[in-house]
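Quick caveat, the model's predicted, so the values are computed rather than measured. Along the sequence shown, residues carry numbers from 1. Start at 1 and go down the list; that is how both ligands and their atoms are numbered.
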Amino acid sequence: ALHTAQQEKNSEDYQEVYNAIATKMREEKDFDNNNGYGPVLVRLSWHVSGTWDKRDNSGGSFGGTYRFKKEMNDPLSRGLQNGFKFLESIDKQFPWLSHGDLFTLGGVTAIQEMQGPKIPWRSGRVDEPESMVPDNGRLPEPHYGADYVRSYYERFNFTDQEVVALLGAHVLGKAHLKNSGYDGPWDDESNIFSNAFYDNLLKLKWTPEINDAGNKQYDNKEKGYMMLPTDYALFQDPKYLKYVKAYANDQDLFFKDFTKVYTKLIENGIEFPKENKPHLFKTLKEQGK
Ligand code: HEM
Ligand SMILES: OCc1cnc2cc[nH]c2c1
């Protein structure tokens with residue numbers, strides 16, 4: 001089924017929604033050991049989009065189906081309920097906003113407020129009923145290597161370069177043992193969007209360890225950082241490694257490529273009317289707030 005976005009009315013003020021989310025992020029910055037809500041909002045925007053299947057255009061961000069418990073309780077999304085709860089007050093404040101627009105705008109706002117690149121965002125996703133909830137099992141598992149990651153992203157037609165750029169979002173936040181069976185980083189938790197993920201991958205010493213949930217992860221003792229097996233795969237695989245090096249050496253290139261592939265991710269499967277121009281939101285700082 002083709003998802004055609006609703007034509008934007010000039011009555012809506014999306015910068016106002018952005019500001020409400022960004023202000024709430026500032027007010028609740030002690031969440032998750034002072035990581036704040038940025039990381040979990042970014043992960044939520046990826047999970048609502050990562051259910052997309054190019055073969056039948058099912059799933060994806062359009063219908064906002066994450067709001068239904070079958071999708072919300074996907075075991076691979078454990079912990080994202082915190083992001084959903086954070087957005088509930090925004091949902092109430094702007095009843096004209098669809099859930100698909102809310103979940104994706106949450107991620108865009110979080111990336112920009114954590115000093116990341118400007119993400120051009122288009123509106124018009126339309127809520128779909130519970131019957132349209134995609135099955136669980138469409139999101140990736142963290143336990144495997146490069147072949148798994150490459151074949152997983154074939155469902156999005158993402159190239160090696162796009163996969164490496166997209167995964168740079170793992171500079172943000174942390175793994176929580178009770179959510180995913182992985183844990184860390186244990187200090188210097190990150191809520192600044194930068195190319196540090198690639199730098200760390202290349203420059204630090206990574207030791208494979210079995211964690212308290214019995215899963216193998218890669219730990220760096222000095223900095224207290226960790227990498228999932230799927231993170232470390234980008235270092236192990238020579239085709240991915242080429243792009244890891246490019247992004248470690250050039251943050252502007254990373255920002256440019258991340259913007260492109262993240263926009264693709266949150267818009268997969270959606271036809272936007274030409275009237276729906278991409279919004280380039282100002283950060284609170286740029287508005288002198
Ligand atoms: C191979 C693909 C991926 C796998 C297997 C994966 C897996 C995971 C796992 C296991 C966690 C820890 C969750 C927890 O314990 O709370 C996590 C966290 C996170 N992921 Fe991914 N992820 C993938 C791709 C992505 C993408 C494409 C993005 C965004 C563009 C993303 C953004 C995040 C963020 C921001 C966090 C931190 C969340 C927090 O601090 O609460 N991930 N990921
Ligand atoms: O240690 C940095 C780091 C590594 N991997 C992940 C995965 C999610 N957040 C992360 C943060």
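Not a single heavy atom of Gly79 sits closer than 4.0 Å to an atom of ligand 1. At least one heavy atom of Tyr153 lies less than 4.0 angstrom from ligand 1. Within the 4.0 Å heavy-atom cutoff, Gly173 counts among the residues contacting ligand 2. Under a 4.0 angstrom heavy-atom cut-off, Leu172 registers as being in contact with ligand 2.
Taking a cut-off of under 4.0 Å to the non-hydrogen atoms of Thr230, the atoms of ligand 1 that pass are 5 (C). Each of the atoms 5 (C), 10 (C) of ligand 1 lies under 4.0 Å from some heavy atom of Pro142. Short contacts between ligand 1 and Asn179, defined as distances under 4.0 Å to a heavy atom of the residue, involve ligand atoms 14 (C), 15 (O), 16 (O). Near Pro185, meaning under 4.0 Å from any of its heavy atoms, are these atoms of ligand 2: 1 (O), 11 (C). Using a 4.0 Å cut-off to heavy atoms of Leu166, the atoms of ligand 1 that qualify are 27 (C), 30 (C). The Leu167 neighbourhood of ligand 1 comprises atoms 23 (C), 24 (C), with distances under 4.0 Å to a heavy atom of that residue.
Considering CG of Asn136 and CG of Asn73, their distance stands at 8.5 Å, rounded to 0.5 Å. Between the OG atom in Ser151 and the OH atom in Tyr144 there is a gap of 11.5 Å [rounded to 0.5 Å].
Shortest contact from atom 35 (C) of ligand 1 to any protein heavy atom: Pro39 O, 3.3 Å. Protein heavy atom nearest atom 11 (C) of ligand 2, with residue, atom name and distance: His170 O, 2.9 Å. With hydrogens left out, the protein atom closest to atom 3 (C) of ligand 1 is Pro140 CG, 3.7 Å, a heavy atom. Of all protein heavy atoms, the one lying nearest to atom 37 (C) of ligand 1 is Leu172 O, 3.6 Å. What sits closest to atom 4 (C) of ligand 2 on the protein, heavy atoms only, is Met226 O, 2.8 Å. Of all protein heavy atoms, the one lying nearest to atom 41 (O) of ligand 1 is His176 CE1, 3.4 Å.
Checking Trp46, Tyr144, Phe193, Tyr148 against atom 26 (C) of ligand 1, the nearest heavy atom belongs to Trp46. Closest heavy-atom approach to atom 15 (O) of ligand 1 within the set Ser180, Ala110, Ala169: this belongs to Ser180. The heavy atom nearest to atom 6 (C) of ligand 1, considering only Glu141, Arg150, His170, is found in His170. With distances taken over non-hydrogen atoms, the option nearest atom 34 (C) of ligand 1 out of Lys174, Arg43, Lys178, His143 is Arg43.
Between Glu71 and Val48, the shortest heavy-atom distance links the atoms OE2-CA, 4.3 Å. Listed here is the closest heavy atom pair of Gly60 and Thr51: N-OG1, 2.8 Å.
Between Tyr247 and Tyr198, the ring-plane angle classifies as tilted under the 30° and 60° cut-offs.
For the residue pair Glu267 / His3, no side-chain donor-acceptor distance below 3.5 Å is found, with atom types taken as modelled.
The pair Lys174-Asp183 meets the salt-bridge criterion, since a charged nitrogen lies less than 4.0 angstrom from a carboxylate oxygen. Ionic pairing of Lys221 and Glu209 is present here: one or more N-O contacts between side-chain nitrogen and carboxylate oxygen are shorter than 4.0 angstrom. The pair Asp160-Lys239 does not meet the salt-bridge criterion, since no charged nitrogen lies less than 4.0 angstrom from a carboxylate oxygen. The residues Glu88 and Lys92 are annotated as not salt-bridged, no charged nitrogen and carboxylate oxygen being separated by less than 4.0 angstrom.
Exactly one of Arg122, Glu8, Gln15 qualifies for a side chain to side chain donor-acceptor pair (under 3.5 Å) with His279. That residue is Glu8. Between Tyr14 and the choices Phe94, Trp121, Phe281, the ring-ring contact (aromatic ring centres under 6.0 Å, His included) rule is met once, by Trp121.
Contacts with ligand 1 closer than 4.0 Å are made by side-chain heavy atoms of Leu228 only, the backbone lying farther away.
Geometrically, ligand 2 and Asp231 share a nitrogen or oxygen pair separated by less than 3.5 Å.
Geometric assessment of Arg26 against the ring of Tyr37 yields a negative cation-pi assignment under the 6.0 Å and 45° thresholds.
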